[in-house]
2 protein chains.
Amino acid sequence: MPKLVASDIATALKKRISSGEWIENGRIPPERDLASEFGVARNTMRRAVSFLEDEGTVVRHVGRGTFLTATNPASMAAVVGRMEGTSPADMMEIRQLLEPAAASFAATNASAMELNAVREAHRIACEAQDMPTFEHWDAEFHHRIFACSRNEFLKEIHNLMRILRNQAPWFEMKKRSFSEERRGIYCSEHQTVLDALLRRDPESASQAMLAHLKTVERNLLGR
Amino acid sequence: MPKLVASDIATALKKRISSGEWIENGRIPPERDLASEFGVARNTMRRAVSFLEDEGTVVRHVGRGTFLTATNPASMAAVVGRMEGTSPADMMEIRQLLEPAAASFAATNASAMELNAVREAHRIACEAQDMPTFEHWDAEFHHRIFACSRNEFLKEIHNLMRILRNQAPWFEMKKRSFSEERRGIYCSEHQTVLDALLRRDPESASQAMLAHLKTVERNLLGR
DNA sequence: AGAAATTGGCTCAATATTGGTTCAGGGAGG
DNA sequence: CCTCCCTGAACCAATATTGAGCCAATTTCT
């Protein structure tokens, strides 16, 4: 039997990590525990963990413990936290990437019932008499298109964008950029998108959505 | 068994919350009760609850109790929760939308230093002797490309994907799909992307990245 | 209205956990 | 014999948990 050296322990550790066992809190057991579990001295285990540390797989803090990088639950919350500072310009850029694709997916995947829901949101938005109502059904129109994209991840990203858009920097911006004329333009552009969806034409749907988003961006960011 | 720390309690709490046990009043038990139930001191439970508070999962009122939030932060947490169930197929679809764009942005926006960082990650990945190391620097390569895309929102979405990819359903899949031959292919594809970035050629960078992602998807989902 | 109980907010000293470091010894292989 | 690496132990410094007490806001009971 080959002798156990630190680098062997390191690869054994990596295997354990890959097994996902410690993913939960992103924290791996104390060196002393690991050492006894693997049947080696703490010194050896320390050197093994040091390999992982050099690789960047792991970070250590005196008194706190050793943590997997980019996996701890706090990081998820941190991501969301940082997202709250997203600039409208950045988000609009990404919307122009995702939303035409969502429209394209919807054109091929949506059920008749789902398309009806999209049409309904469009109709109510067009008939809305005040800005909050219009805005709500405008958002709903976009949301329902994502809803029939058949991609859960895409849907959740849109939910994120939706939440972010209801926060501080957007609120004023939307108010500033709104006008009766623009509402009319939005409605007709939505109509174009909707028509493409009903024709089951992914390419047109994607193009129409992109055109619409460019209009929105122009109004919002004032170019 | 490793010691129970506040963050562990926090994740345990989150589980209890998402199990819907306290949904009725939207109120969770007093700290003192929770502390004794989980077998920790009140101070520790307080710190655990503070995590949830920071995340916005919960609001506290002196004399009244602690309540689940029905507003923005909670829905944000819900989004994150639902995202954890994202299927690899869905995510790969979105990666193919976002990552070529990131590469394209990077080609035009990256500083020379940032490109060096990308090259460095590529080099280490190519020289890696074992799978975890390769995987780490492979991920780092992609991450650094996003890092110089100059779009904060895009970067954060990628952070999300990165975290999700470190969770359960992906682990086996990655292990299954790995082979020495494939590693070689990935390295050469990365090289193509890197070359395009260094040439400052957005179009080629985007195409190369897309081609790479299609390879990854094929290997991962087994077509 | 007023008293009592409940509940979160806060502080503090004592204790425990955990990574960081060092050192003396032992065993395997050249 | 010498080198290399592991073992075992002790101690340090950073951080966390404990357990207790008191306060302030709120609710509930009298």
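To find a chain, count down the sequence lines: A is the first, B the second, and so on, and within it residues start at 1.
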S.K.: Give a yes or no answer on whether the side chain of B/S87 reaches the backbone of B/D90 with a donor-acceptor pair at less than 3.5 Å.
M.R.: yes

S.K.: By nearest atom, which of the nucleotides C/dG19, D/dG19, D/dC22 is closest to the A/V62 side chain?
M.R.: C/dG19

S.K.: Would you mind reading off the distance between A/L34 atom CG and C/dT17 atom P, rounded to a whole angstrom?
M.R.: 16 Å

S.K.: Nearest whole angstrom, please: distance from the C1' of D/dT28 to the CZ of B/R64.
M.R.: 14 Å

S.K.: Let me know the distance between CZ of B/R47 and C1' of C/dC10, rounded to the nearest Å.
M.R.: 14 Å

S.K.: Taking CZ from A/R27 and P from D/dT15, how many angstroms apart are they, rounded to a whole number?
M.R.: 14 Å

S.K.: Between B/R42 and C/dG8, is there a side-chain N or O to OP1/OP2 distance below 4.0 Å?
M.R.: no

S.K.: Less than 4.5 Å apart, side chain to side chain, heavy atoms only: is that true for B/M92 and B/V216?
M.R.: yes

S.K.: Should B/R119 and B/Q191 count as side-chain neighbours, where that means a heavy-atom distance under 4.5 Å?
M.R.: no

S.K.: Whole Å only: how far is the CZ atom of A/F38 from the P atom of D/dG8?
M.R.: 17 Å

S.K.: Return the orientation label for the A/H61 and A/F67 ring planes: parallel under 30°, perpendicular over 60°, tilted otherwise.
M.R.: tilted

S.K.: Does B/T44 put a side-chain nitrogen or oxygen below 4.0 Å from OP1 or OP2 of D/dA16?
M.R.: no

S.K.: Closest approach to the side chain of B/V5, judged atom by atom: which nucleotide of C/dC10, D/dA10, D/dT17 is it?
M.R.: D/dT17

S.K.: When you measure from the side chain of B/P30, which nucleotide among C/dC12, D/dT7, C/dT7 comes out closest?
M.R.: C/dT7

S.K.: Considering only C/dT18, D/dT26, C/dG19, which nucleotide approaches the side chain of A/R46 most closely?
M.R.: C/dG19

S.K.: Are A/E120 and A/R144 close enough for a salt bridge, meaning some N to O gap below 4.0 Å?
M.R.: no

S.K.: For A/D33 and A/P30, indicate whether the former's side chain and the latter's backbone hold a donor-acceptor pair under 3.5 Å.
M.R.: no

S.K.: Do B/D33 side-chain and C/dT6 base share a donor-acceptor contact under 3.5 Å?
M.R.: no

S.K.: Is the shortest side-chain N to carboxylate O distance from B/K214 to B/E217 below 4.0 Å?
M.R.: no

S.K.: Between C1' on D/dA25 and CD on B/E31, what's the gap in Å once rounded to a whole number?
M.R.: 14 Å

S.K.: Separation of B/M45 atom CE from C/dC10 atom C1', in whole Å?
M.R.: 18 Å

S.K.: Between atom CD in A/E53 and atom P in C/dT18, what is the gap in whole Å?
M.R.: 17 Å

S.K.: Would you say B/R60 reaches C/dG9's phosphate, i.e. side-chain N/O to OP1/OP2 under 4.0 Å?
M.R.: yes

S.K.: What's the closest nucleotide to the A/N43 side chain, out of D/dA16, C/dG8, C/dT21?
M.R.: C/dT21

S.K.: Kindly express the pairing pattern of DNA chain C in dot-bracket notation, using | wherever a base pairs with another strand and counting only Watson-Crick or G-U pairs under 3.5 Å.
M.R.: ||||||||||||||||||||||||||||||

